[in-house]
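Atom set for the values below is all heavy atoms of this structure, side chains included, hydrogens, waters and symmetry mates excluded.
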Amino acid sequence: MSGSRLQRSLTVHPGKTFNAAAFAFGTFALSSTPSLFPSIVLTTVLLLQARAFLRRSFAGLHIAFLLLNLSLATTLANYSASTTALSTVGSSLGFSFLRSLATSIAALIPILISTSLNPQFKSSWLRLTFFPAVWTLTWSVICRVSPTGRLGSWTPLYGIEGYRWILPFTGLSGIDFITAFWAVVASESIGNWVQGSRPTDDEVWGDVDDYDRVTNGSPQHAIAAEETGDRHTDEPVGETSNSNAHGVAEVHRRSHAEKSTKSLVSAVLLLISLTIPSFYLFNLPLPPYSQNTESRVIWPKRKGYHR
């Protein structure tokens, strides 16, 4: 029952659900020391929200409200540190809000680019890796141009123990890629779960998939009817070709869903396997009392006293 209620809230009231989730997780993920898990959840919510509203009317209004929402969440997350940044509390909060607005715009750019271009990619792996690549490139460029470096960026600094071993090879850009990769896998999984097997759900999410392209009266409509060759003489031509097109679209949708599921499972296994080297390559210091710790007491030297 809870799952169906959540599914209904995501499809019937996506604006309220996504905005509330973005603000809630933003207060945890957008602090001065972001953590990996809240950052993944927040990026997942933003990907789903962009997917739901980007191709709808008033998309600009939704984006403006989302920027305001993220900026307020970031300002609240850094409230204690912001109040003492400048001479007055008002100026400190105002500067913090403007800085938060700038970082929110920077974060939404790769999300909007990926959401716009992803439906055009036929390869499932290209759909999964395009956003992490754009996300990593965006933050790398911003951190090189910004005079404050990664201060204020969305790069996780805590909770990355499983992927800490890649830092000597990729730096924090590797953590950005891992974060975005987890987020796109989670958003695709949630999107597939919400849409289920109902093609009409694509209207809720704002996507136009192959089902619509096949059944909208385009040339594929007639081609599909010709290739099936299952036309009855006593049935109108329009109804026959329409049913055949629906059948072809259903087969194509199921085939695409199977490929997408296999790619998602492979991506999850890959992300989990990347944590295995951390158990062998990242050496922690020995505990103060163990079999491998040398027990040695250094006594202070005193004049006229020998031990």
* Look only at the side chain of Ser114 and the backbone of Ile111, and say whether a donor-acceptor pair between them is shorter than 3.5 Å. => no

* Taking only residues two or more places apart in sequence or in another chain, which ones pass side chain to side chain contact (heavy atoms under 4.5 Å, CB included) with Leu98? -> none

* Asked: Can you say whether the rings of Phe177 and Phe181 are parallel (under 30°), tilted (30 to 60°) or perpendicular (over 60°)?
  -> perpendicular

* Do Leu42 and Phe28 have side chains that get closer than 4.5 Å, going by heavy atoms? -> no

* Quick one: are Pro156 and Ser35 in side-chain contact, heavy atoms under 4.5 Å? -> no

* With no hydrogens and no angle check, is any side-chain donor or acceptor of Thr136 less than 3.5 Å from a backbone partner on Pro132? -> yes

* **Tyr163 (side chain) donor-acceptor with Gly174 (main chain) under 3.5 angstrom** => no

* Asked: If you round to the nearest 0.5 Å, how far is CZ of Phe25 from OG1 of Thr44?
  -> 9.5 Å

* Smallest separation among heavy atoms of Thr33 and Leu157, with atom names -> CA-CD1, 4.3 Å

* Asked: Once you round to the nearest 0.5 Å, how far does CD1 of Ile160 lie from OH of Tyr158?
  -> 10.0 Å

* Asked: Can you get from Leu126 to Val185 by hopping between Ile, Leu, Val, Met, Phe, Trp and Tyr side chains that sit under 4.5 Å apart?
  -> yes

* Asked: Hey, are the side chains of Ile113 and Ile109 touching, using non-hydrogen atoms and a 4.5 Å cut-off?
  -> yes

* Can you tell me how far CZ of Phe121 sits from CG of Leu128, rounded to the nearest 0.5 angstrom? -> 11.5 Å

* Asked: With distance as the sole criterion, is a donor-acceptor pair present between the side chains of Thr155 and Asp176 under 3.5 Å?
  -> yes

* Non-hydrogen side-chain atoms of Ile178 and Ile166 separated by less than 4.5 Å -> yes

* Structure fact -> Separation between CG (Leu108) and CD1 (Ile63), nearest 0.5 Å, reads 7.5 Å

* Donor-acceptor pair, side chain of Trp165 and main chain of Leu274, under 3.5 angstrom -> yes

* Asked: OG/Ser104 to CG/Asn69 distance, rounded to the nearest 0.5 angstrom?
  -> 9.0 Å

* If you measure only the distance, is there a donor-acceptor pair under 3.5 Å linking the side chains of Ser140 and Ser173? -> yes

* **Atom of Ser187, atom of Leu47 and distance for their closest heavy-atom approach** => OG-CD1, 3.6 Å

* **Heavy-atom check, side chain of Leu66 versus side chain of Leu46, under 4.5 Å** => yes

* **Reported OG1-to-CD1 distance for the pair Thr170 and Ile175, which is rounded to 0.5 angstrom** => 6.5 Å

* Does Asn118 offer a backbone N or O that forms a donor-acceptor pair with the side chain of Arg127 under 3.5 Å? -> yes

* **Contact check, side chains of Leu70 and Ser100, non-hydrogen atoms, under 4.5 Å** => no

* Taking the side chain as C-beta and beyond, is there a heavy-atom pair between Arg144 and Val141 under 4.5 Å? -> no

* To do: Would you kindly confirm whether Leu30 and Phe37 end up in one hydrophobic cluster when ILVMFWY residues are joined by side chain heavy atoms under 4.5 Å apart?
  => yes

* In one Ile/Leu/Val/Met/Phe/Trp/Tyr side-chain cluster, 4.5 Å: Val265, Val184 -> no

* Examine Trp182 and Leu270 and state if one hydrophobic cluster contains both, with Ile, Leu, Val, Met, Phe, Trp and Tyr joined whenever side-chain heavy atoms are less than 4.5 Å apart. => yes

* Do Thr115 side-chain atoms and Leu112 backbone N/O form a donor-acceptor pair below 3.5 Å? -> no

* For the student: nearest non-hydrogen atoms of Trp135 and Pro110, plus distance -> CE3-CG, 3.7 Å

* Asked: Counting only N and O atoms by type, is there a donor-acceptor contact under 3.5 Å from the side chain of Asn78 to the main-chain atoms of Thr74?
  -> yes

* Asked: Should we say atom CZ of Phe97 is surrounded by more than 12 heavy atoms from elsewhere, each under 6.0 Å from it?
  -> yes

* To do: Run the numbers on Thr103 and Ser153 for side-chain contact (heavy atoms from CB on, under 4.5 Å), then give the verdict.
  => CA-CA 7 Å; Thr103 55; Ser153 68; over 6 Å; no

* Closest heavy-atom contact between Gln49 and Ala22? -> OE1-CB, 4.3 Å

* Ser31 (side chain) donor-acceptor with Thr27 (main chain) under 3.5 angstrom -> no

* **Residue pair Leu76 / Leu72, side-chain heavy-atom distance below 4.5 Å** => no

* Examine distances only and state if a side-chain atom of Thr275 and a backbone atom of Ile272 form a donor-acceptor pair shorter than 3.5 Å. => yes

* side-chain contact (heavy atoms from CB on, under 4.5 Å) between Val268 and Leu264, intermediate numbers included -> CA-CA 6 Å; Val268 171; Leu264 289 174; 5.6 Å; no

* **Hydrophobic cluster identity match, Leu269 and Leu271, side-chain contacts under 4.5 Å** => no

* Asked: Which atoms form the tightest heavy-atom contact between Phe18 and Val45, and what is the distance?
  -> O-CG1, 3.7 Å

* Asked: How close do Ala29 and Ser39 get, heavy atom to heavy atom, and via which atoms?
  -> CB-N, 3.7 Å

